[in-house]
Each structure stands twice: as structure tokens, then as C-alpha cells.
Visitor: 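Have a look at the structure that comes next, please.
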2 protein chains.
Amino acid sequence: MVNQTLVQEISQLEADFCFALSDPTRLLILYALADEPRNVTELTNDLSVIQPTISRHLKVLRERGLVYTVRQGTTVTYHLSDNRLIQALDLLRAVMRERLAYKASLMEETKASTNA
Amino acid sequence: MVNQTLVQEISQLEADFCFALSDPTRLLILYALADEPRNVTELTNDLSVIQPTISRHLKVLRERGLVYTVRQGTTVTYHLSDNRLIQALDLLRAVMRERLAYKASLMEETKASTNA
DNA sequence: TGTATTTATGCGTTTATGCGTATGAAAGCA
DNA sequence: TGCTTTCATACGCATAAACGCATAAATACA
């Protein structure tokens with residue numbers, strides 16, 4: 001039997017970790033960094049998002065350890081911490097795609113029966 | 001080259017999907033359903049969370065297709081839609097665990113150098 | 001039909017999040 | 001030392017999320 005409070009704390013930590021994935025700009029940042037490390041200016045240009053917004057999202061990712069930084073002079077290069085993050089996102093995307101396809105098929109059935 | 005708007009829309013969808021994972025109660029619900037399907041009352045008892053809160057979290061999961069329902073009389077049994085959701089969560093948890101261990105080791109170093 | 005059980009939702013309040021603007025801080029260089 | 005570039009952050013606002021309480025909706029059954 002596992003301590004009830006401990007289970008809740010772990011769930012809280014994991015939810016906080018997943019929170020980092022719940023914003024489209026942050027996901028685009030992660031995919032970009034998975035391609036190759038980039039500094040803030042490069043991310044700003046590549047994603048067409050203004051710099052303070054990029055920095056704020058990077059802070060969310062950094063605080064939770066999804067990315068890490070390397071300073072080179074005035075530039076700060078961000079790296080993806082672990083490729084398993086992309087693996088996990090790919091799994092989620094696959095599930096999502098199938099769910100959406102299923103929903104779409106239901107819509108088709110509804111349309112058909114409405115026409116009948 | 002992929003349409004820029006399309007990429008943003010897919011990221012929005014995926015972020016919305018991940019949003020479902022960003023709450024500790026919803027994670028506990030998913031793990032409970034991975035163990036075995038349960039109805040609302042059972043989830044309420046098992047997680048010690050009041051029924052309206054459970055129902056609202058279930059709605060978030062249901063709308064995004066992470067769970068599906070089977071009605072039996074007055075009770076509604078919830079099922080996990082896809083076990084890859086648990087696989088993805090396990091991956092994330094593993095990454096998180098290593099990141100936390102790393103942070104902890106940094107804390108140890110800091111403590112040591114402070115003492116020196 | 002009336003009643004009990006199970007689940008979903010409306011409402012009001014509190015808290016959290018995201019964003020744009022402006023500004024601060026750090027590092028390199030003339 | 002000043003100037004420039006790069007990145008981080010504070011502030012204020014608008015919006016969204018979470019929760020507790022009360023209540024509605026759906027179903028079964030006497």
C-alpha cells in the first residue's frame with residue numbers, strides 16, 4: 001500500500017510537468033529544439049513569435065527541466081533535455097489522430113442517417 | 001514545406017490534448033481507469049474527490065477522447081481509450097524523475113561548496 | 001406517477017495563465 | 001566608460017480554469 005499523500009504529490013509533480021506541454025508555442029519550441037539547439041533570437045525568428053513571449057515560454061520549460069541552456073557570450077542556446085519527450089509527444093499525437101478520425105467517422109454516420 | 005497555419009493548428013490541437021494531462025486529479029483518474037473501468041461513484045470513492053469535481057474532470061477527458069463511456073442503467077462506466085496514453089505518461093514520468101534527481105544532485109554540490 | 005439513485009451542469013468566486021509593452025540585466029566591443 | 005546586442009522580467013489587463021454548492025437531468029423501480 002502506497003502513502004495516499006505521496007501519490008497525490010507525485011501526481012501533482014507529473015501534472016506540473018505535463019502543463020509545460022499544454023501550450024502550442026511551447027510544443028513548437030520543443031520540436032524546433034529537437035531538430036537542433038537554438039538561441040532565443042533564432043526561436044523568435046523561426047516561430048514568428050515576439051521575444052518576450054518566447055522567453056517566458058522557455059522559462060516554463062526550463063523550470064521543469066524539459067530544456068537546458070548553454071551560454072555563449074551574449075547568446076543563450078537552448079537544448080532539448082531528453083528525446084523521450086518527443087517520443088511521448090509522438091505517442092500522444094498518434095492517439096489524438098485516431099480519436100479525431102473516429103469522431104469524424106461518427107460525424108459521417110450521423111450525416112448518413114440524417115439523410116436517410 | 002508544410003503550411004505554416006496547418007502546423008500551428010496541429011500544435012493547438014496537441015496542446016489541447018496535453019492540457020487534459022495537466023491536472024493531478026485527471027492523471028489519477030487515467031491511472032485508475034487503466035487499472036480497470038469504473039463509474040463516477042467508484043471514482044469518487046477511490047480518489048476521495050467530490051462527485052461534481054470528478055464529473056467535470058471526466059468531461060475534460062471525454063471531450064478530448066482520452067476516455068469513453070458505457071451507460072448501464074443509471075450508472076456510467078468510464079474506460080481508458082488507449083493504453084498508449086499510459087505509455088506516454090510513463091515516458092514523461094521517467095524523464096521527470098531523472099531531471100529531479102539531477103536537480104537534487106546540483107543541490108548537493110551547492111551545499112558541499114558552501115561548506116567548503 | 002412518485003421516489004430514489006446516479007451523473008451532469010449552472011452559478012459565483014477565487015486563482016492562474018497568456019500576452020503586449022516597457023524596461024532591466026548581462027556580455028562583448030569600440 | 002559608453003554603446004550595442006541579446007535575453008529576462010515586471011506590470012497591467014483580459015481571459016480561462018478550478019472549485020464548492022445547489023440543482024437539474026436521466027434512469028430504474030415501487
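Proteins come first, then strands; the chains are lettered A, B, ... in the order of their sequence lines, and each starts at number 1. Just so it is clear, the structure is predicted and the values come from calculations on it, not from any experiment.
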Visitor: Take atom CG of B/Asp16 and atom C1' of C/dT17, then tell me their distance rounded to the nearest Å.
Guide: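 So the CG-C1' distance, B/Asp16 to C/dT17, works out to 15 Å.
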
Visitor: In terms of side-chain heavy atoms of A/Thr74, which of D/dC7, C/dA8, C/dG28 is nearest?
Guide: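 Comparing D/dC7, C/dA8, C/dG28 against the side chain of A/Thr74, the answer is C/dG28.
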
Visitor: Take the protein atom NE2 of A/His57 and the nucleotide atom C1' of C/dT17, then report the distance between them rounded to whole Å.
Guide: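 That distance rounds to 10 Å.
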
Visitor: Do A/Arg26 and A/Phe19 form a cation-pi contact, if we require the NZ or CZ to be under 6.0 Å from the six-membered ring centre and within 45 degrees of the ring's axis?
Guide: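 Because its charged atom sits under 6.0 Å from the ring centre and within 45° of the axis, A/Arg26 does stack over A/Phe19.
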
Visitor: Would you kindly give the CD1-to-P distance between A/Ile54 and D/dC7, to the nearest whole Å?
Guide: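 Going from CD1 in A/Ile54 over to P in D/dC7 covers 11 Å.
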
Visitor: Figure out the CD/C1' separation between A/Gln72 and C/dC29, and round it to whole Å.
Guide: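 Whole-Å distance recorded here is 18 Å.
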
Visitor: Take atom CG of B/Asn39 and atom P of C/dA8, then tell me their distance rounded to the nearest Å.
Guide: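 Distance, rounded to whole Å: 10 Å.
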
Visitor: Output the distance between atom CD1 (B/Ile10) and atom OG1 (B/Thr5), rounded to the nearest 0.5 Å.
Guide: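 It comes to 11.0 Å.
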
Visitor: With a 4.5 Å heavy-atom cut-off, do B/Thr77 and B/Asn39 have their side chains touching?
Guide: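 The answer is yes, as the side chains (C-beta and beyond) meet within the 4.5 Å cut-off.
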
Visitor: Show which side-chain atoms of residues 85-93 of chain B pair as donor or acceptor with protein atoms under 3.5 Å away, not counting sequence neighbours.
Guide:
from: B/Arg93; atom 1: NE; to: A/Glu14; atom 2: OE1; distance (Å): 3.0
from: B/Arg93; atom 1: NH2; to: A/Glu14; atom 2: OE1; distance (Å): 2.7
from: B/Arg93; atom 1: NH2; to: B/Tyr31; atom 2: OH; distance (Å): 3.2

Visitor: Can you tell me which residue among B/Lys59, B/Gln51, B/His57 is in a side-chain hydrogen bond (donor to acceptor under 3.5 Å, both in side chains) with B/Ser55?
Guide: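 When B/Lys59, B/Gln51, B/His57 are each tested with B/Ser55, the side-chain hydrogen bond (donor to acceptor under 3.5 Å, both in side chains) holds only for B/Gln51.
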
Visitor: Whole angstroms only, please: what is the CG-P distance between A/Asp23 and D/dA17?
Guide: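 Distance, rounded to whole Å: 12 Å.
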
Visitor: Would you tell me if any nitrogen or oxygen in the side chain of B/Tyr78 comes within less than 4.0 Å of OP1 or OP2 on C/dA8?
Guide: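 Checking B/Tyr78 against C/dA8: at least one side-chain N or O falls below 4.0 Å of OP1 or OP2.
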
Visitor: I want to verify a distance call: between D/dA8, C/dA8, C/dG18, whose nearest atom is closest to the A/Val40 side chain?
Guide: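 My answer, after comparing the listed nucleotides, is D/dA8.
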
Visitor: Rounded to whole Å, please give me the gap between CG in B/Leu47 and C1' in D/dA18.
Guide: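 Rounding to the nearest Å, CG of B/Leu47 and C1' of D/dA18 are 16 Å apart.
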
Visitor: Just compare C/dC19, C/dA26, D/dA18 and give me whichever is closest to any side-chain atom of A/Arg71.
Guide: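 Nearest to the side chain of A/Arg71 among the choices is C/dA26.
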
Visitor: What does B/Thr75 touch in the nucleic acid at a heavy-atom separation under 4.0 angstrom: a base, only the sugar-phosphate, or nothing?
Guide: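 Sugar-phosphate contact only - B/Thr75 comes under 4.0 Å of backbone atoms but never of a base.
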
Visitor: Distance check, rounded to the nearest 0.5 Å: B/Leu66 atom CG versus B/Leu21 atom CG?
Guide: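 One gets 6.0 Å once the value is rounded to the nearest 0.5 Å.
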
Visitor: Grab the CG-C1' distance between A/Leu58 and C/dC19 for me, whole Å please.
Guide: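 Spelled out: CG on A/Leu58 to C1' on C/dC19 is 15 Å.
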
Visitor: Taking only the side-chain heavy atoms of B/Lys59 (C-beta and beyond), determine which of D/dC19, C/dT9, D/dT9 contains the nearest atom.
Guide: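 The closest nucleotide is C/dT9.
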
Visitor: Using the salt bridge (Lys or Arg N to Asp or Glu O under 4.0 Å) rule, collect all pairs that involve residues 27-44 of chain A, keeping only residues at least two apart or in two chains.
Guide: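 Output for this query lists A/Asp35-A/Arg38, A/Arg38-A/Asp46.
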
Visitor: Mind listing the N/O atom pairs, protein and nucleotides 20-23 of chain D, below 3.5 Å?
Guide:
from: D/dG20; atom 1: OP2; to: B/Thr53; atom 2: OG1; distance (Å): 3.1
from: D/dG20; atom 1: N7; to: B/Arg56; atom 2: NH2; distance (Å): 3.1
from: D/dG20; atom 1: O6; to: B/Arg56; atom 2: NH1; distance (Å): 3.2
from: D/dG20; atom 1: O6; to: B/Arg56; atom 2: NH2; distance (Å): 3.2

